[in-house]
Amino acid sequence: MLPHYLCSHIQNAFRARHQKVLVEHSTQNLGILSILLRAGFISSLTRGTINRPSPDDFNKAGEAEKRIWADLKYRNDMPVLSHMELVSKPSKRIFMDVAEIRRICTGRRAQTIKPLGMGEVAVVRTNHPEHEWLEAREALALKLPGEVICRAR
């Protein structure tokens, strides 16, 4: 499944003022959602099934019924996440080395990517087996290059 589905699904759920959103269970979705959780855009993640968020049911369910439930976060009745967009598309994938990731994190343009603003995060997928999904600043700290998947603010 492509990450553009997750980006649009979460953004639409925030705009519709949903409390929870459920997405298909995959390592990609879990990685991106855990980065959003650490950045403070969502309040919690729970594994569950199509019917309800329940870790017990998740362990018993078949692969097609497994889902990730995310609790969306609002402040003063406004969504915390206002915009989430795809950076690397299937037609044009954006790979960056450590120097280019440093550039977007420190307020300069790299390739065709605008710099990260205040409170904005970029999701990077690396080839490292232990750190596959990282926020751009984490990838910079670990000196890992990778593909910039999406950004959220």
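Hydrogens, waters and symmetry mates play no part in the numbers below; they use all other heavy atoms, side chains included.
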Q) Which value, rounded to the nearest 0.5 Å, describes the distance between Glu65 atom CD and Phe58 atom CZ? A) 11.5 Å
Q. Do the side chains of Glu135 and Val124 get nearer than 4.5 Å, heavy atoms only?
A. no
Q: Verify the cluster assignment for Leu144 and Ile32: are they in a single hydrophobic cluster under the rule of side-chain heavy atoms below 4.5 Å apart?
A: no
(Q) How about OH on Tyr5, more than 12 heavy atoms from neighbouring residues, nucleotides or ligands closer than 6.0 Å, or not? (A) no
Q. Can you find a heavy atom in the side chain of Pro3 that is under 4.5 Å from one in the side chain of Cys150?
A. no
Q | Thr126 (side chain) donor-acceptor with Pro145 (main chain) under 3.5 angstrom | A | no
Q: For the pair His131 and His128, name the ring-plane relationship: parallel under 30°, tilted 30 to 60°, perpendicular over 60°.
A: tilted
Q.
Return the CG to CZ distance between Leu116 and Arg103, rounded to the nearest 0.5 Å.
A. 13.0 Å
Q: Show your working on side-chain contact (heavy atoms from CB on, under 4.5 Å) between Ile113 and Val87 and close with a plain yes or no.
A: CA-CA 8 Å; Ile113 309 302; Val87 173; 3.3 Å; yes
Q.
For the backbone of Ser8 and the side chain of Asn12, can you confirm whether one donor and one acceptor N or O come within less than 3.5 Å of each other?
A. yes
Q | Heavy-atom check, side chain of Lys92 versus side chain of Thr112, under 4.5 Å | A | yes
Q: To the nearest 0.5 Å, tell me how far Leu22 CG sits from Trp69 CH2.
A: 5.0 Å
Q: Starting at NZ of Lys89, measure out to CD1 of Ile149 and round the result to the nearest 0.5 Å.
A: 11.5 Å
Q.
Nearest 0.5 Å, please: how far is OG in Ser88 from CD in Glu147?
A. 3.5 Å
Q | side chain to side chain donor-acceptor pair (under 3.5 Å) between Asp57 and Thr49, intermediate numbers included | A | CA-CA 7 Å; Asp57 291 348; Thr49 61; 4.7 Å; no
Q | Lys73 NZ to Leu37 CG distance, which is reported to the nearest 0.5 Å | A | 8.5 Å
Q: Could you please spell out the steps behind the salt bridge (Lys or Arg N to Asp or Glu O under 4.0 Å) verdict for Arg125 and Glu132?
A: CA-CA 6 Å; Arg125 182 178 186 183; Glu132 185 178 4; 2.9 Å; yes
Q) Salt bridge check: are Glu138 and Arg38 linked by an N-O gap of less than 4.0 Å? A) yes
Q. Is there a chain of hydrophobic side chains (I, L, V, M, F, W, Y, each step under 4.5 Å between heavy atoms) that links Val21 to Leu81?
A. yes
Q. Is any side-chain heavy atom of Arg17 closer than 4.5 Å to a side-chain heavy atom of Met78?
A. yes
Q. Is Val121 close to Phe41 at the side-chain level, that is, under 4.5 Å between some pair of heavy atoms?
A. yes
Q | Atom CG of Asn127 with >12 non-hydrogen neighbours under 6.0 angstrom | A | no
Q. Side-chain contact, heavy-atom cut-off 4.5 Å: Leu33 with Ile42?
A. yes
Q: Identify which one of Ile68, Ile35, Val23 satisfies the side-chain contact (heavy atoms from CB on, under 4.5 Å) criterion when paired with Leu30.
A: Ile68
Q) Does Arg67 reach the main-chain N or O of Arg52 with its side chain, forming a donor-acceptor pair under 3.5 Å? A) no
(Q) Hydrophobic cluster membership, with links at side-chain heavy-atom distances under 4.5 Å among I/L/V/M/F/W/Y: are Trp133 and Ile94 in one? (A) no
Q. Less than 4.5 Å apart, any side-chain heavy atom of Gln19 and any of Leu72?
A. no
Q | Whether Ser82 side chain and Arg153 backbone form a donor-acceptor pair below 3.5 Å | A | yes
Q.
Between Gln111 and Ile104, does the side-chain contact (heavy atoms from CB on, under 4.5 Å) criterion hold? Intermediate values first, please.
A. CA-CA 9 Å; Gln111 295 182 19; Ile104 66 167; over 6 Å; no
Q) Taking it one step at a time, do Leu36 and Ile10 satisfy side-chain contact (heavy atoms from CB on, under 4.5 Å)? A) CA-CA 11 Å; Leu36 293 178; Ile10 290 176; 4.0 Å; yes
Q. Does a salt bridge link Glu120 with Arg151, judged by any charged N lying under 4.0 Å from a carboxylate O?
A. yes
Q. Thr46 versus Pro55: any side-chain heavy-atom pair under 4.5 Å?
A. yes
